[in-house]
Structures are given as structure tokens and as C-alpha cells.
Amino acid sequence: MRTNRNILVVGATGGPGRAAVEHLLRAGHHVTAFARSAGRLGGLSERLATIDGDATNPDDVDRAVRGQDAVLGTEHVGRSVAVSGRRAA
């Protein structure tokens, strides 16, 4: 059984996301950090890949999940939600 996995962390540059990336790297996994500015995490490990993208863009997400064994979603969705063209508080 393979214990080291390829894991995508969505929202990897936020507090919880960065903590997850660091934990997964310490556990020996190959991690792909996915965020709008994922490159900010570069240099943490040779087992870390970064992909800049938008979690609300299906093409970006499709590109990021290729070859992954698991996906961890830590992205911040904010307090407002767009509903019928209007923003709800």
C-alpha cells in the first residue's frame, strides 16, 4: 500500500491552507498548492508544486486536479454570496 500521496490543497496560501501544506509535506506527501497566488509558497520543499488559479473557474480546477490522489479544500469563500446578480450580506 502506497502511503505517500499526491494531494492538491485548494486555498493553499490562507492560514489553514498553508498549515495543511506544511503538515502534508512533513508527512512525506507530494503536495500541489492551488490558489490565486500559489507561487508565494515556492521554496518550501522539492515535493511542492504550485498552480495559480481560481477555485470558482471550472477549467482551472480541472487542470489542478489532474493526477491527484486527493483534494483538500481550504479556500475562503467570504461572507458574501452572489445571488441572482445581487450580493447578499
Which pair of heavy atoms, one from Leu44 and one from Leu48, lies closest together, and at what distance? CB-CD2, 3.9 Å
Between atom CG of Asp59 and atom CG of Asn57, what is the distance when rounded to the nearest 0.5 Å? 5.0 Å
Thr32 side chain near Ile51 side chain, heavy-atom distance below 4.5 Å: yes
With sequence neighbours excluded, tell me which residues meet salt bridge (Lys or Arg N to Asp or Glu O under 4.0 Å) with Arg63. Asp60
Nearest heavy-atom approach of Arg26 to Arg47 is N-NH2, 4.2 Å
Suppose we screen for side chain to side chain donor-acceptor pair (under 3.5 Å). Which residues come up paired with Asp52, at least two apart in sequence or across chains? none
Any sub-3.5 Å donor-acceptor pair from Asp69's side-chain atoms to Arg5's backbone N or O? no
What one should report as the nearest heavy-atom pair of Ala64 and Phe34 is CB-CD1, 3.6 Å
Please list, one pair per line, the donor and acceptor atoms closer than 3.5 Å that link side chains of residues 9-25 to other protein atoms, with sequence neighbours excluded.
residue, atom, partner, partner atom, Å
Thr13, OG1, Arg40, NH2, 3.2
Arg18, NE, Glu22, OE2, 3.0

When rounded to the nearest 0.5 angstrom, what is the spacing between CG in Asn4 and NE2 in His29? 6.0 Å
Do Leu8 and Leu72 come within less than 4.5 Å of each other through their side chains, counting heavy atoms only? no
